[in-house]
Protein chains: 2
Amino acid sequence: MTNTVGTIRTGGTVAVVRGEEELVRRTSHQFAAATDIACAAIDLRTWSAARTESGIRAALCGRDGAEVRLRKVYRPNVLLDPVSAAHLREIRDTRGAQIRITPDEINETILIDRRIAILAGDPRLGERSFSIVTQPEVVQGVTSLFDAAWRSATTVDAYDARIAELRDIAPQVLDLLGRGVKDEAAARTLGLGVRTYRRRVAELMEALGASSRFQAGVRARELGLV
Amino acid sequence: MTNTVGTIRTGGTVAVVRGEEELVRRTSHQFAAATDIACAAIDLRTWSAARTESGIRAALCGRDGAEVRLRKVYRPNVLLDPVSAAHLREIRDTRGAQIRITPDEINETILIDRRIAILAGDPRLGERSFSIVTQPEVVQGVTSLFDAAWRSATTVDAYDARIAELRDIAPQVLDLLGRGVKDEAAARTLGLGVRTYRRRVAELMEALGASSRFQAGVRARELGLV
DNA sequence: CCGCGATCGGCAACAACCTGCCAAGGCCGT
DNA sequence: ACGGCCTTGGCAGGTTGTTGCCGATCGCGG
């Protein structure tokens, strides 16, 4: 089931694995030795599913924690869900993770010590596939892109403050939108002005990375927010 | 886990079961003796999941088939998916099921011989719950409502003809909508006029029972069409 | 009390979307 | 060929959603 593709001999290869257990099995020793881990994800499920999480946590918990640089970039939607937001703060506090938020479209990626890149494939249809890349030039390129995204991203605290009030009413707004209620009526039921309601919808769409309401509906459903 | 609520003694009760296996276990003998089965559903998963289907099919396949009246009402969205549409025709042909389509919002329901009503609860959060009702007045009331819906519904053939051309391009339209593409651009990429593209979107929304594009996005995602 | 910053919500201009109308063109049975 | 039937797509007029602007209001620290 594991498909390894040899490349021109420079010591680097690209391996494709299917499923998270397989990924953990193949990479946990890399995590154990790492001093610099960078991670991009659009929600908390991806690298935090019980299997992955327990595997990697096990590899990390024996470590001091101060000596490993842990950077994580998420999309704004993780802050829409109170549970996710809390979990985020927790992993920041227990381990010394630096967490930032970016509005850009990013694929899910892990970088270990600027030597290994793990890129996640499309999650549709059963088990997800992951590419483990050690080819130096590729890893270098991916790393530079990650660093750029990292620099342009804002810290979680700054972003969190900006959407604090949004998070409170987001569930109600999403509910109204999901029932096909017109802005006029929705604003009334929430006791808001139409302008303010639309402000909330716009912020919501930005957080979901959607450029149309249809797209926002799809994303919201994907994330289980409706 | 099974919660049975006794009511005023008239021979009728309401039982609530959780999960489809449990439902099949409790009702398969009813299906075996039935001569009139009516069924309402919004997609094919609900009563056709492997467990339910195999259980009920087993109960029915020993029967002649001509002597049992089988009526099914679906929402239009089942015709959007080619696989679903084909499956629909198959159960119509192999057994003598009459199938109709209604644009109304209907909850998922089964009626057996106008004596027993099975109503499905909200599918959110784990296993679904089902209410099995034998209380005569309730069953009578539900039956009358079902009959009304049945009469106002159109036959699957009539409806199928109406959305035949829609089904062909629905995936592409959904893809464009899901990527947040503007109508103008989407129409161009499909080689359609904007008016026609919007006609397709409107038909799609009607089929999904959505009154806003956000809602359509949610529904489309729920049904796995995007 | 005043000033400051932030949010609210009305207004307006605009963009996007929705739909009835209708002429143009394709398809089919006669 | 002809007439009926359907789909198409332009147009127009309507509704809904999007956004900048700006004064009103609130809370807070000085």
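Computed from a predicted model, the values in this text were never measured in an experiment. Here is how names work: the chains are called A, B, and so on, in the same order as the sequence lines, proteins then strands, and each is numbered from 1.
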For this session: Within residues 208-220 of chain A, find the residues that approach DNA chain D with a heavy atom at under 4.0 Å, and present them sorted by residue number.
Result: A:Arg213

For this session: Could you list the residues that satisfy side-chain contact (heavy atoms from CB on, under 4.5 Å) with B:Thr102, not counting sequence neighbours?
Result: B:Val73, B:Asp104, B:Ile106, B:Ala153

Exercise. What pairs with B:Asp36 under side-chain hydrogen bond (donor to acceptor under 3.5 Å, both in side chains), at least two apart in sequence or on another chain?
Worked result: none

Exercise. Near DNA chain C, under 4.0 Å by heavy atom, which residues of residues 172-187 of chain B?
Worked result: B:Lys182, B:Asp183

Exercise. Sequence neighbours excluded, which residues qualify as side-chain hydrogen bond (donor to acceptor under 3.5 Å, both in side chains) partners of B:Asp157?
Worked result: B:Arg92

Return the polar atom pairs (N/O with N/O) between nucleotides 5-8 of chain C and the protein under 3.5 Å, or none.
| unit_1 | atom_1 | unit_2 | atom_2 | d |
| --- | --- | --- | --- | --- |
| C:dC8 | OP1 | A:Arg200 | NH2 | 3.3 |
| C:dC8 | OP2 | A:Arg200 | NH2 | 2.5 |

For this session: Using side-chain contact (heavy atoms from CB on, under 4.5 Å) as the criterion, list what pairs up with A:Ala149, not counting sequence neighbours.
Result: none

Side chains of residues 184-195 of chain B: which donor-acceptor partners sit under 3.5 Å, not counting sequence neighbours?
| unit_1 | atom_1 | unit_2 | atom_2 | d |
| --- | --- | --- | --- | --- |
| B:Thr189 | OG1 | B:Ala186 | O | 2.9 |

Return a table of donor-acceptor pairs under 3.5 angstrom between the side chains of residues 199-218 of chain A and protein atoms on other chains or two or more places apart.
| unit_1 | atom_1 | unit_2 | atom_2 | d |
| --- | --- | --- | --- | --- |
| A:Arg200 | NH1 | A:Glu203 | OE1 | 3.0 |
| A:Arg200 | NH1 | A:Glu203 | OE2 | 3.3 |
| A:Ser211 | OG | A:Gln215 | OE1 | 3.2 |
| A:Ser211 | OG | B:Gly180 | O | 3.3 |
| A:Ser212 | OG | A:Gln215 | N | 3.2 |
| A:Arg213 | NH1 | A:Asp183 | OD1 | 3.0 |
| A:Arg213 | NH2 | A:Asp183 | OD2 | 3.0 |
| A:Gln215 | OE1 | A:Ser211 | N | 2.8 |
| A:Gln215 | NE2 | B:Gly178 | O | 3.3 |

For this session: Please list, chain by chain and in numerical order, all residues satisfying side-chain contact (heavy atoms from CB on, under 4.5 Å) with B:Arg179, sequence neighbours excluded.
Result: B:Asp175, B:Leu176, B:Val181

For this session: Sequence neighbours left out, what passes salt bridge (Lys or Arg N to Asp or Glu O under 4.0 Å) with A:Asp147? Give chain and number order.
Result: A:Arg71, A:Arg114

Exercise. Going by the salt bridge (charged side-chain N to carboxylate O under 4.0 Å, His left out) test, which pairs reach into residues 75-84 of chain B, not counting sequence neighbours?
Worked result: B:Arg75-B:Glu105

